[in-house]
Amino acid sequence: MTSNNQKISLPKMGCGTWAWGNRLLWNYEPSMDGELQEVFNFCVKNGVTLFDTGDSYGTGKLKGQSEKLLGKFAQEYAGDNQDNICLATKLAPYPWRLTRKSMVAAGNASANRLGTGVDLVQMHWSTANYLPWQEWPLLDGLMDLYEQGKVKGVGLSNYGPKRLKQVYQKFRDRGIAITSLQVQYSLLSTYPVTELGLKEVCDELGIQLIAYSPLALGLLTGKFSETGLFPKGLRGLVCKQLLPGMRPLLSCLEAIAKSRYKTMSQVALNWCICKGTIPIPGAKNLRQAQENIGALGWQLDYGEIAELDKAAAQVEKPMVQNIFQSK
C-alpha cells in the first residue's frame, strides 16, 4: 500500500538555515546563536514551521552546526505551533557514500545532531550529471530510513522532470510517496520551472515544490545597488556580475512594492507562493525574519504576476544554476 506521508504538513513558507554555521559565504559566528534562536521562535510562532538544513551545512570545524542549532532550538521551544515543527535535512551524495547502508548511517548521524530525529529526509542533489549509478543505492537508503520509521517523509533536491520521473517510479515500486522536491527558484532563477516544466510534473505526481534561494542571495531585496556597497566575497562577485542586467526587474519589483506598501523582498517571496511553491528564505536576524513573514497573508494579483514574469524574462544574466541540477 502506498503511503501518502500524511504525517507531514507543510506551511506556505519555510525558513532556510544554510547561513547558520557558514562562515565562508554568510560570515557566521557562534555569537549569533542567541539571535538565531529568536529567529526560530518567531518563525514557529507565526506559522513558519518548516526548517530546511543539510548535513553538509557549516564550514570547516562547524560542519553540522546548522543541524545542531536547529535541534537545540526545537527542543527548547514551547508555544504556538510546537507540534507542527518540521525539521527537514538533506543528505549529500558524497563520493564516499556508495551503499544504502551509508545513507542510513548519514540519516542516523543527522538525527543525532538534531537530537529530535528527522521529519523530512532529502537527497541533497542528483548524481545523474556525473555518476548516475551511484544514486540508486543511496535512494534505497533514504527509503530504508522511511520504512524503519526513522523519518516521516522523503524528499529530493535539485532534480529535473526527466530524472524525477525515474526516481518517482523507483519509490512507487516500494510503495513510498515523495513528499517534496526543492530547486533553486526565484524571479532571477526561473529555469527549473519555466524551461523544464517542473511544476506541472510535480503537480501530476503529487509532490510539493519548494523554492530555495527565493531572494537570490539577497539580490532581490533591493539592498544592493550598482553604485553602493556589495557584500564581501563570493556574493559580492555575483552582485557585480548580475546587477547591471537586472534593472528592469528591480524597477518592476520596486514599483509593485510601493503600491502594495510592502518591501521588494516580500513581493519576491509572494511571487514564489503565487507560483504554487513553498519559498524557504534564510534569516540571520529577527528583522529579516519579520520581513519574510510580511510576505504572508496577502496575494499579488494576476496583472502584477504577469508584469513580474515579463520583467524576469528580460534579465540579461539570470542566477547561475546549481551545477548538480539534473534535467
Side-chain angles (χ1 to χ4, degrees), residues 14-26 28 50-71 86-146 148 150-160 163-164 166-167 170-171 178-185 192 210-213 217 234 280 282 320-327:
C15 178
T17 63
W18 180 24
W20 301 11
N22 187 305
R23 279 186 167 145
L24 189 66
L25 206 62
W26 299 103
Y28 165 81
L50 168 65
F51 293 87
D52 182 74
T53 183
D55 69 348
S56 63
Y57 285 3
T59 44
K61 288 179 182 174
L62 290 169
K63 197 170 173 188
Q65 181 74 353
S66 176
E67 288 180 328
K68 288 175 189 171
L69 289 173
L70 259 186
C86 177
L87 302 184
T89 198
K90 298 182 292 294
L91 305 181
Y94 290 129
W96 57 86
R97 284 183 182 160
L98 297 169
T99 64
R100 59 200 294 174
K101 281 184 179 175
S102 67
M103 217 51 170
V104 171
N108 290 337
S110 282
N112 287 337
R113 280 190 292 273
L114 286 162
T116 57
V118 177
D119 295 310
L120 177 63
V121 71
Q122 305 155 99
M123 177 74 120
H124 202 152
W125 64 82
S126 168
T127 65
N129 295 345
Y130 60 97
L131 264 184
W133 58 267
Q134 184 195 3
E135 202 163 347
W136 302 115
L138 302 187
L139 289 168
D140 272 321
L142 286 190
M143 289 185 272
D144 291 343
L145 285 165
Y146 179 78
Q148 291 166 14
K150 291 177 177 174
V151 299
K152 295 177 186 172
V154 186
L156 305 169
S157 181
N158 298 306
Y159 279 70
R163 191 65 166 179
L164 176 60
Q166 294 169 346
V167 172
K170 185 175 176 66
F171 274 66
I178 297 171
T179 298
S180 59
L181 165 63
Q182 58 169 284
V183 292
Q184 179 178 293
Y185 183 58
I210 294 172
Y212 75 75
S213 221
L217 300 180
L234 191 61
I280 50 169
V320 179
Q321 283 306 301
N322 190 313
I323 54 166
F324 296 121
Q325 172 68 43
S326 70
K327 290 283 176 72

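Note that these values count all heavy atoms, side chains included, but never hydrogens, waters or copies made by symmetry.
- When all heavy atoms of S110 and D55 are compared, the pair lying nearest together is OG-CB, 3.6 Å.
- Summarising the geometry of C15 relative to I280, their closest heavy-atom pair is N-CG2, 4.0 Å, with the distance given to 0.1 Å.
- Residues satisfying the side chain to side chain contact (heavy atoms under 4.5 Å, CB included) test with R100, not counting sequence neighbours, are D140, D144, R174.
- Residue I178 comes nearest to G155 through the heavy atom pair CG2-CA, 4.3 Å, listed as atom of the first residue, atom of the second, then distance.
- With a 4.5 Å cut-off on side-chain heavy atoms, L120 and T179 count as touching.
- Contact of the L98 side chain with the Q134 side chain is registered, since non-hydrogen atoms from C-beta on lie closer than 4.5 Å.
- Looking at heavy atoms from C-beta onward, R163 lies in side-chain contact with P132 at the 4.5 angstrom threshold.
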Inset, instruction - Output, in order, the C-alpha distance, side-chain angles, deciding distance and verdict of side chain to side chain contact (heavy atoms under 4.5 Å, CB included) for Y57 and K90. - result: CA-CA 9 Å; Y57 285 3; K90 298 182 292 294; 2.9 Å; yes
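- Residues L70 and T89 are not in side-chain contact: their nearest non-hydrogen atoms beyond the backbone lie 4.5 Å or more apart.
- K150 has its side chain out of reach of V121: every pair of non-hydrogen atoms, C-beta onward, lies at least 4.5 Å apart.
- Two residues are said to be in side-chain contact when any heavy atoms from C-beta on lie closer than 4.5 Å; Y159 and V167 meet this criterion.
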Inset, instruction - Any chance you could lay out the side chain to side chain contact (heavy atoms under 4.5 Å, CB included) test for C86 and L50, step after step, and finish with the verdict? - result: CA-CA 5 Å; C86 177; L50 168 65; 3.8 Å; yes
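- Remark: side-chain polar atoms of T127 are not paired, donor with acceptor, to backbone N or O of Y130 under 3.5 angstrom.
- Considering CG of N108 and NZ of K101, their distance stands at 12.5 Å, rounded to 0.5 Å.
- For the pair P93/M123, a side-chain contact is recorded, criterion being any heavy-atom separation below 4.5 Å from C-beta on.
- Heavy atoms only, all atoms of each residue included: L145 and G107 are closest at CD1-CA, 4.0 Å.
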Inset, instruction - I would like to know whether E67 and T53 meet side chain to side chain donor-acceptor pair (under 3.5 Å); could you show each step before the answer? - result: CA-CA 6 Å; E67 288 180 328; T53 183; 5.1 Å; no
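- Interatomic distance, OG of S157 versus CG of D52, reported as 7.5 Å (0.5 Å rounding).
- Here the closest heavy-atom approach between residue L164 and residue L156 is recorded as CD1-CD1, 3.6 Å.
- R97 has its side chain within reach of L91: a pair of non-hydrogen atoms, C-beta onward, lies under 4.5 Å apart.
- Proximity of a side-chain donor or acceptor of S213 to a complementary backbone N or O of Q184 within less than 3.5 Å is not detected.
- The aromatic rings of W20 and F51 are tilted relative to each other, their planes meeting at an angle between 30° and 60°.
- Minimum heavy-atom separation, S56 to H124: OG-CE1, 3.5 Å.
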